[in-house]
Colleague: 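Quick one: this structure, given as structure tokens, is what I'll be asking you about.
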Amino acid sequence: MISLTKKRIPLISVHGDPAVDIGKEEAGGQNVYVGQVGEALAKQGWQVDMFAR
């Protein structure tokens with residue numbers, strides 16, 4: 001049986017918002033990493049819900 005629902009996963013960033021433009025206040029390497037992890041999970045079929053402080 002094939003499931004038509006996507007796998008869901010929350011991705012929590014305690015450092016900052018991964019959607020912020022790099023170079024702005026509190027936007028650097030960890031933001032890039034968290035954003036790339038979310039994108040990689042989405043490409044594998046996960047529905048990623050990102051939460052930031």
Colleague: Using the side chain to side chain contact (heavy atoms under 4.5 Å, CB included) criterion, which residues pair with L41? Sequence neighbours excluded.
Modeller: I9, V37, W46, V48

Colleague: Restricting to non-hydrogen atoms, name the atom on Q44 and the atom on K7 that form the minimum distance, rounded to 0.1 Å.
Modeller: O-NZ, 3.9 Å

Colleague: List for me each residue that meets side chain to side chain contact (heavy atoms under 4.5 Å, CB included) alongside Q30, sequence neighbours excluded, and say none if there are none.
Modeller: H15, V34

Colleague: According to side chain to side chain contact (heavy atoms under 4.5 Å, CB included), who are the partners of Q36, at least two apart in sequence or on a separate chain?
Modeller: V32

Colleague: Taking the side chain as every heavy atom from C-beta outward, state whether S13 and F51 have any pair of such atoms under 4.5 Å apart.
Modeller: no

Colleague: Excluding sequence neighbours, so at least two apart, what forms side chain to side chain contact (heavy atoms under 4.5 Å, CB included) with A40?
Modeller: none

